[in-house]
Amino acid sequence: MPKTSEILVFDSGLGGLTVLREIVKARPDAGYTYVADDAFFPYGQHNADILATRVVPLLGELISTHAPDIVVIACNTASTLVMTQLREAYQVPFVGTVPAIKPACASSKSKRVSVLGTRGTVKREYTKRLIADFAHDCEVTLVGAENLASLAEAALRGEDVSDDAIAQEIAPCFVSGDVRTDTVVLACTHYPLLLDRIARLAPWPVDWIDPAPAIARRVENLLGAHMSENIPLPAKFIFTSGRTPSLALAKALQPFFGAHALEHA
Ligand code: DGL
């Protein structure tokens, strides 16, 4: 029987759960460790050097502790900065999450696309290169949201988050004129947590591009076709701060893990 593949999914906080959810659907037989670097959240507000200095050694520690077969960096703010350094430093295969500018520009009809990410992600050279390489005839508006990731976490924890606060963060994505924005890239893994509300509060309907299903396909390809027949193993959930989720949060987290019972480390 093929051995169980161990997948480590990493984010600054709870946003990476939107990526994990798709991977779990594709590979329910794998073993999962989810690490939220809440001690350093939000990543979007740190400068690039400080963030790289935090993330690269932290991944080294996580790899030696958990010995994963694949590491998924389910965070655009980190992936647009440290993927090369991670691949140079460690042997394990990495899958990153970067703004889905290529498919968004390919499918946009009005050729006006917005990229909604953290302040860090929209500043990155990597993101600018994606635009230079793939935007072609599209006009791309970069929108760095200051608080949207924190609002998404608050909503998942069951706290009140006002419509106004969300509407204010997404407003700059909507550009009108001769033609108007018809496609918005969700370039932060936290934002799909709020997708229903974001879509309802949008001034007009657009296509929202979430790369999570594509990331899950990439992981599937790397793992190969053979599924182990193990019943879903308990999944580990780790906050780098060492705190354990409240009962209410643990309940909110469980659906992202499918049939894997959650264990808090
Ligand atoms: N989830 C992260 C991303 O995809 C970042 C949120 C943050 O920590 O600022 O960019």
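The chain is numbered in sequence order, starting from 1.
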[Y] and [X], any side-chain heavy atoms less than 4.5 Å apart:
| X | Y | answer |
| --- | --- | --- |
| D69 | K3 | yes |
| V179 | E139 | no |
| V143 | V122 | no |
| T141 | T181 | no |
| V19 | F10 | no |
| D29 | T4 | no |

Rounded distance [0.5 Å steps], [atom1] in [X] versus [atom2] in [Y]:
| X | Y | atom1 | atom2 | answer |
| --- | --- | --- | --- | --- |
| R218 | I23 | CZ | CD1 | 12.0 Å |
| L193 | L151 | CG | CG | 11.5 Å |
| T118 | K123 | OG1 | NZ | 8.5 Å |
| F174 | R112 | CZ | CZ | 13.5 Å |
| L223 | E6 | CG | CD | 10.5 Å |
| I198 | D163 | CD1 | CG | 11.5 Å |

Specify the closest pair of heavy atoms between [X] and [Y], including all atoms of both residues, with the distance to one decimal.
| X | Y | value |
| --- | --- | --- |
| I7 | A30 | CD1-CB, 3.7 Å |
| L195 | W208 | CD1-CG, 3.8 Å |
| T121 | N76 | OG1-C, 3.6 Å |
| P99 | V115 | CB-CG1, 4.3 Å |
| L156 | A252 | O-CB, 3.6 Å |
| R87 | G96 | NH2-N, 4.3 Å |

Test your reading of the model: is there a side-chain donor-acceptor pair from [X] to the backbone of [Y], 3.5 Å cut-off?
| X | Y | answer |
| --- | --- | --- |
| E169 | N147 | yes |
| Y34 | L17 | yes |
| S110 | R180 | yes |
| S108 | C105 | no |
| T77 | G44 | no |
| T80 | T127 | no |
| T97 | I73 | yes |

Next item on the list: Might you work through the side chain to side chain donor-acceptor pair (under 3.5 Å) test for T183 and D207, ending with a clear yes or no?
Entry: CA-CA 5 Å; T183 306; D207 285 338; 4.6 Å; no
Margin query: Could you go through E22 and D210, starting from their C-alpha distance and side-chain angles, then the distance that decides it, and tell me whether this counts as side chain to side chain contact (heavy atoms under 4.5 Å, CB included)?
Written below: CA-CA 11 Å; E22 297 302 318; D210 175 4; 6.0 Å; no
Exceeds 12 heavy-atom contacts within 6.0 angstrom, atom [atom1] of [X]:
| X | atom1 | value |
| --- | --- | --- |
| D160 | CG | no |
| K111 | NZ | yes |
| Y126 | OH | no |
| R27 | CZ | yes |
| K128 | NZ | yes |

Note to self: Which label fits H46 and F40: parallel for a plane angle under 30°, tilted from 30 to 60°, or perpendicular past 60°?
What the structure shows: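 Ring orientation of H46 relative to F40: parallel.
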Item checked: Residues forming a ring-ring contact (aromatic ring centres under 6.0 Å, His included) with Y43, sequence neighbours excluded ->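 Counting only residues at least two positions away or on another chain, Y43 forms no ring-ring contact (aromatic ring centres under 6.0 Å, His included).
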Margin query: Among residues at least two apart in sequence or on other chains, which ones pass ring-ring contact (aromatic ring centres under 6.0 Å, His included) with F256?
Written below: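 Result, ring-ring contact (aromatic ring centres under 6.0 Å, His included) vs F256: none returned.
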Given the rule that I, L, V, M, F, W and Y join up when any side-chain heavy atoms are under 4.5 Å apart, are [X] and [Y] in one cluster?
| X | Y | result |
| --- | --- | --- |
| I209 | V113 | no |
| L116 | V185 | no |
| L186 | V98 | no |
| W204 | V175 | no |
| I101 | V206 | no |

Notebook entry, point to check: Is it true that F41 and H190 have ring centroids separated by less than 6.0 Å?
Noted result: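 Yes.
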Next item on the list: Could you tell me whether R217 and E220 make a salt bridge, using a distance below 4.0 angstrom between a side-chain N and a carboxylate O?
Entry: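 Result for this pair is no, no salt bridge flagged.
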Next item on the list: Taking only Lys NZ, Arg NE, NH1 and NH2, and the carboxylate oxygens of Asp or Glu, determine whether E263 and K236 approach each other closer than 4.0 Å.
Entry: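 K236 and E263: not salt-bridged.
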Margin query: Under a 3.5 Å threshold, yes or no: a donor from one side chain and an acceptor from the other, between D38 and S241?
Written below: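 Looking only at side-chain atoms, S241 and D38 do form a donor-acceptor pair, the distance falling under 3.5 Å.
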Margin query: Before you tell me yes or no, could you show the steps for Y191 and T18 under side chain to side chain contact (heavy atoms under 4.5 Å, CB included), namely the whole-Å CA-CA distance, both residues' side-chain angles and the distance that decides it to 0.1 Å?
Written below: CA-CA 9 Å; Y191 304 163; T18 63; over 6 Å; no
Notebook entry, point to check: Would R119 and E146 satisfy salt bridge (charged side-chain N to carboxylate O under 4.0 Å, His left out), going step by step from the backbone distance to the final call?
Noted result: CA-CA 6 Å; R119 293 206 159 166; E146 190 172 358; 3.5 Å; yes
Note to self: Is there a side chain to side chain contact (heavy atoms under 4.5 Å, CB included) between T33 and L62? Walk through the geometry before answering.
What the structure shows: CA-CA 10 Å; T33 301; L62 293 170; over 6 Å; no
Notebook entry, point to check: Can you list the steps and then say if I63 with L8 is a side chain to side chain contact (heavy atoms under 4.5 Å, CB included)?
Noted result: CA-CA 8 Å; I63 290 164; L8 188 144; 5.9 Å; no
